[in-house]
Amino acid sequence: MSKYTQVGAYEPDEHPLFKRLYNEEGFLKLTEENLAEMQARPGLKLVIFADDPNRVRETLDVVVIGPELKKVFKDYLDSCWMADVKKARAMSAQFGVKRLPAIGFFRGSDFLGAAEGLKNWDEYLQELGQIGSREKAPKRTITIMSAQPQDE
């Protein structure tokens, strides 16, 4: 058996990548309890939403990508957050995020949008650059279609 084989599940907060994210990279842990506090802070905030890495391996990728994006946008950011992976799906859904992992921006309490799913580096920079330049949240629309066939 390889020394890299994972035998059992681990607690995400004990994983070396998560420890680095919080202890060395300065990310704050976003929970349901401090969501309002995060939103009350002024300025631009980068937030990572990702699933439990025991189930979704892409989470570990985004935990590495997040600090690199922080370096790119550092001159514009007030703070950086990582949503609790056990609650991130529910928290992100209230902002209209459909696919995790997602990296998004808040300006004050306004959710400006997110880059959903894993992307290549240039796609992250382009999409997040556009999202981060917004001054306020985009209008959310809901498409309602009739169940009745339309007459020609």
Side-chain angles (χ1 to χ4, degrees), residues 4 6 8-145:
Y4 301 107
Q6 182 177 333
Y10 53 83
E11 179 61 34
D13 289 341
E14 297 304 315
H15 191 283
L17 291 176
F18 282 87
K19 285 183 174 183
R20 179 178 154 251
L21 186 75
Y22 296 127
N23 299 330
E24 295 173 29
E25 300 295 344
F27 276 69
L28 302 167
K29 187 172 186 178
L30 182 62
T31 64
E32 291 173 321
E33 291 77 26
N34 68 3
L35 178 61
E37 174 190 330
M38 181 276 293
Q39 289 180 293
R41 288 179 123 172
L44 187 65
K45 296 162 292 253
L46 182 141
V47 178
I48 300 172
F49 295 102
D51 281 313
D52 186 334
N54 290 300
R55 294 184 305 114
V56 181
R57 303 306 283 169
E58 292 176 330
T59 295
L60 297 179
D61 295 328
V62 82
V63 169
V64 172
I65 293 167
E68 297 305 315
L69 289 169
K70 177 184 177 186
K71 290 174 189 171
V72 170
F73 294 106
K74 71 179 186 247
D75 293 338
Y76 308 99
L77 295 174
D78 172 64
S79 57
C80 295
W81 300 75
M82 171 79 188
D84 180 351
V85 294
K86 295 175 183 172
K87 304 287 183 172
R89 186 158 295 278
M91 281 194 290
S92 65
Q94 61 187 299
F95 303 108
V97 174
K98 297 178 181 89
R99 184 170 178 218
L100 299 185
I103 300 175
F105 285 121
F106 283 80
R107 187 176 306 285
S109 62
D110 290 335
F111 179 66
L112 302 177
E116 298 181 23
L118 279 183
K119 311 246 180 226
N120 71 43
W121 186 247
D122 291 336
E123 289 173 316
Y124 272 127
L125 295 181
Q126 180 179 10
E127 195 169 342
L128 290 172
Q130 290 172 351
I131 292 168
S133 67
R134 296 175 183 157
E135 290 299 318
K136 59 182 181 174
K139 292 184 179 180
R140 292 170 75 181
T141 60
I142 300 172
T143 303
I144 300 173
M145 299 179 68

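- A 4.5 Å side-chain heavy-atom check between Phe95 and Asp110 finds every atom pair outside the cut-off.
- A search for ring pair (Phe, Tyr, Trp, His ring centres under 6.0 Å) contacts involving Phe105 returns Phe73, not counting sequence neighbours.
- Nearest heavy-atom pair, Ala114 versus Phe111, reported as atom, atom and distance to 0.1 Å: CB-CZ, 3.8 Å.
- Between Tyr22 and Phe27, the gap from one ring centroid to the other reaches at least 6.0 Å.
- Here the CD1-CD distance, from Ile103 to Glu127, works out to 10.0 Å after rounding to the nearest 0.5 Å.
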Criterion side-chain contact (heavy atoms from CB on, under 4.5 Å) on Glu116 and Leu100, from CA distance to verdict:
CA-CA 6 Å; Glu116 298 181 23; Leu100 299 185; over 6 Å; no
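- Closest non-hydrogen pair, Met91 versus Leu30, comes out as CE-O, 3.5 Å.
- For the atom pair CG of Asp75 and CG of Leu44, the computed distance is 11.5 Å after rounding to the nearest 0.5 Å.
- Inter-residue side-chain proximity for Arg41 and Ser79 is flagged as met; some heavy-atom pair is nearer than 4.5 Å.
- Using a 4.5 Å heavy-atom threshold, the side chains of Val85 and Asn54 count as separate.
- Smallest separation of non-hydrogen atoms from Ile131 and Ala115: CD1-N, 4.0 Å.
- A donor-acceptor pair shorter than 3.5 Å cannot be found between the side chains of Asn120 and Asp122.
- Looking at residues two or more places apart in sequence or on another chain, you find no side-chain hydrogen bond (donor to acceptor under 3.5 Å, both in side chains) involving Asn23.
- Evaluation of the side-chain hydrogen bond (donor to acceptor under 3.5 Å, both in side chains) rule for Ser133 yields no partner, not counting sequence neighbours.
- Annotation: side chain of Tyr124 is in contact with side chain of Leu69 (closest heavy-atom distance under 4.5 Å).
- Each of Leu60, Val62, Val56 was scored for a side-chain contact (heavy atoms from CB on, under 4.5 Å) with Glu58, with one residue passing: Val56.
- Residue Leu112 holds its CG atom at 11.0 Å from CG of Leu46, rounded to the nearest 0.5 Å.
- Using a 4.5 Å heavy-atom threshold, the side chains of Leu28 and Cys80 count as separate.
- With a 4.5 Å cut-off on side-chain heavy atoms, Pro101 and Thr59 do not count as touching.
- Annotation: side-chain hydrogen bond (donor to acceptor under 3.5 Å, both in side chains) contacts of Asp13 (sequence neighbours excluded): Lys29.
- Every salt bridge (Lys or Arg N to Asp or Glu O under 4.0 Å) that Glu25 has, sequence neighbours left out, goes to Arg20.
- Every pair passing salt bridge (Lys or Arg N to Asp or Glu O under 4.0 Å) that includes a residue from residues 86-102 is listed here, sequence neighbours excluded: Glu11-Lys86, Asp51-Arg89.
- Between Glu32 and Asp84 the shortest side-chain heavy-atom distance does not fall below 4.5 Å.
- No side-chain donor-acceptor contact under 3.5 Å links Arg107 to the backbone of Lys45.
- For the atom pair CE of Met82 and CD1 of Ile48, the computed distance is 5.5 Å after rounding to the nearest 0.5 Å.
- Here the CG atom belonging to Leu118 is positioned 13.0 Å from the CZ atom belonging to Arg57, to the nearest 0.5 angstrom.
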